[in-house]
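Heavy-atom basis, side chains included; hydrogens, waters and symmetry copies ignored.
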Amino acid sequence: MFKAKKVLSILLAAAMVFSLASCGGKPGESQNADGEENSTAAGKPANGSIDLVVSMPLGQWTDNFDVLIDAYKAQHPEIGNIDATFPSSDKYRDLLKAGLSAGELPDIISLSYGISDQDWFQYCVDLSEGCPAYNELTPEQKQLGTTDQGMIIMPIYVEGTGILYNTKLLKDAGWDHTPQTRDELKKLCEDLTAAGIKPFMHQWAETYLNLYNWVGTTWLGNKDDQMTFLNEMLSGKDMDLANDKEWNDFLDTYEILIEYAQEGAIATDKWTCRNAFFLEECAMLVGEGSWETPNIQSTNPDLLDHVKQDVLPCSNEAGTNHLQKQTIAAAVTDSKDPARIAAAKDFLSFIASSEEARLWHQETMGSPTAVVSLEVSENLPSIAADVVALMKDEKASESMHTYMPVEIQTDMQKNWAEFVGRQITREQFTTQYEQIFKDYADGKYN
């Protein structure tokens, strides 16, 4: 159900211009001395009368999002300020909780498919009306985004994550392709080391982002029945992970990652590792992906000519390893102000499906758009093009991270940190991993 099957189409689509229909009155009913329309009895907002707040854990948008804000405001004079912030994902939920306590939730927030964000569903509004992008979604996208509150989760774009490779450094080590099996990955590490090239920089201080989120569910993504398997674990069923093929393939790969990790990897943060890769001081970056295009562009644009996104090769059966992808999505909160809600719905639709957003997501941010009717740009950067190719070849799976309950995150992160830090054995890691799911089913985290 969650395997990518022609997620992006190469069909031309006309540019869409959306109006704030649900807030409209009849134009020209009255004007002020400057020729601008005043608020009318029909309820049309006055120019600059609606402010919106957007908050999503997408740090890469920080220096770029004003492009979309300015484009939208140019079409919508009723919009005053759009205050957009993009905090780190490991702090995002705490910030939302603070906003909820203060009665000041942002108008547009990040929500994901699955259950990890389910506590926030109750504060959001149905997008099946007043949000034009809804009509562009596939039946599956509508189903995935529907909760008891209606269709509240709007997909925006897709991130692919596995390994980023510097193909120039691979070539220096005698390689003309990226490894497609675990044994090939091991051989590549040996050849890179022999050539005096650092294979990896691991960001294992990021226990949530890198270990639990980006990479931690790769083994599930390599299963044909990933959702069924995860649900059985969540029910407390003994899944015998110690003898599970995909799990052991995954840990066999992690043995290679640990063997060739830099000194102090367990205390190394994401930006130290990213910058090392951007400056071509290591050949591979695990757990990063297509969203890094603008960061590479600003740090070392020449790297975009020889960077490649590919799978984390766990299995020794070439072709069975899947790229992990996450659908980045958002929702509109219930501010109790009909005009503000309508404006937020329309702006979210603009972010997801407008022609301006299509170009911005694909060409500036290097992200495949989620609305399948949008044209795929000929200028799609190389990393995003790699993701699209893997998705079209059905070699990408929706990450199961967002289908795991948020309550288990702390214990999962601790278990991961102890494993990569060699504080516990592989066998202990496996036992504790499965026990967390059994404890969840037994109500420990209630």
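- A side-chain N or O of S128 and one of D126 form a donor-acceptor pair less than 3.5 Å apart.
- The closest donor-acceptor contact from the side chain of D117 to the backbone of W120 lies at 3.5 Å or more, if one exists at all.
- For the pair K345 and E129, the tightest heavy-atom approach, listed with the atom from each and the gap, is NZ-O, 2.9 Å.
- With sequence neighbours excluded, no residue satisfies ring pair (Phe, Tyr, Trp, His ring centres under 6.0 Å) with Y134.
- No side-chain donor-acceptor contact under 3.5 Å links Q432 and T430.
- Between the side chains of E136 and S353, no donor-acceptor pair of N or O atoms lies under 3.5 Å.
- Here the options are N213, T207, L209, the test is side chain to side chain contact (heavy atoms under 4.5 Å, CB included), and the partner is Q413; only T207 passes.
- Note that OG of S397 is 11.0 Å distant from CE of M391, once rounded to the nearest 0.5 Å.
- Looking at R93 and D119, no side-chain N of the basic residue comes within less than 4.0 Å of a carboxylate O on the acidic one, giving no salt bridge.
- Counted by atom type alone, T327 and E398 present one or more donor-acceptor pairs between their side chains at under 3.5 Å.
- Counting only heavy atoms from C-beta outward, the side chains of F250 and T218 approach each other to under 4.5 Å.
- For D66, there are no salt bridge (Lys or Arg N to Asp or Glu O under 4.0 Å) partners at least two apart in sequence or on another chain.
- No donor-acceptor contact under 3.5 angstrom links the side chains of Q122 and D334, judged on distance only.
- With sequence neighbours excluded, no residue forms a salt bridge (Lys or Arg N to Asp or Glu O under 4.0 Å) with K73.
- In summary, the aromatic rings of Y254 and W219 are positioned with their centroids too far apart to meet the 6.0 Å limit.
- With sequence neighbours left out, E418 forms a salt bridge (Lys or Arg N to Asp or Glu O under 4.0 Å) with K414.
- Side-chain polar atoms of S290 and Q309 form no donor-acceptor pair below 3.5 angstrom.
- For the pair N81 (side chain) and D83 (backbone), a donor-acceptor distance under 3.5 Å is absent.
- In this structure, K270 does not pair ionically with E206, as no charged nitrogen and carboxylate oxygen lie closer than 4.0 Å.
- Within the 4.5 Å cutoff, the side chain of C282 has heavy atoms near those of the F277 side chain.
- Around atom NZ of K237, no more than 12 heavy atoms belonging to other residues, nucleotides or ligands sit under 6.0 Å away.
- Pairing each heavy atom of I82 with each of I69, the nearest pair is O-CD1, 3.6 Å.
- F347 and F350 have parallel rings, their planes meeting at less than 30° on a 0 to 90° scale where 60° marks the start of perpendicular.
- Residues M365 and F65 have side chains not in contact (no heavy-atom distance under 4.5 Å, counting atoms from C-beta outward).
- The closest side-chain heavy-atom distance from P294 to W61 is not below 4.5 Å.
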Test D337 against S335 for side chain to side chain donor-acceptor pair (under 3.5 Å), laying out the working first. CA-CA 5 Å; D337 180 339; S335 64; 5.5 Å; no
Return a table of donor-acceptor pairs under 3.5 angstrom between the side chains of residues 154-165 and protein atoms on other chains or two or more places apart.
unit_1, atom_1, unit_2, atom_2, d
Y157, OH, Q60, NE2, 3.3
Y157, OH, E159, OE2, 2.8
E159, OE2, Q60, NE2, 3.4
T161, OG1, G287, O, 3.2
T161, OG1, E288, O, 3.4

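- Annotation: side chain of E434 is not in contact with side chain of F437 (no heavy-atom distance under 4.5 Å).
- Residues L52 and I108 fail the side-chain proximity criterion, which asks for heavy atoms closer than 4.5 Å.
- Under the 30°/60° scheme for interplanar angles, the aromatic rings of W204 and H202 are found to lie parallel.
- Residues passing the side chain to side chain contact (heavy atoms under 4.5 Å, CB included) test with T62 are F86, sequence neighbours excluded.
- Exactly one of H361, E375, Q362 qualifies for a side chain to side chain donor-acceptor pair (under 3.5 Å) with T369. That residue is Q362.
- At a threshold of 4.5 Å between non-hydrogen side-chain atoms, the residues P106 and L96 count as touching.
- A tilted orientation is assigned to the rings of W214 and W291, their planes being inclined by 30° to 60°.
- For the pair E280/L303, a side-chain contact is recorded, criterion being any heavy-atom separation below 4.5 Å from C-beta on.
- A donor-acceptor pair under 3.5 Å is formed between the side chain of S349 and the backbone N or O of A133.
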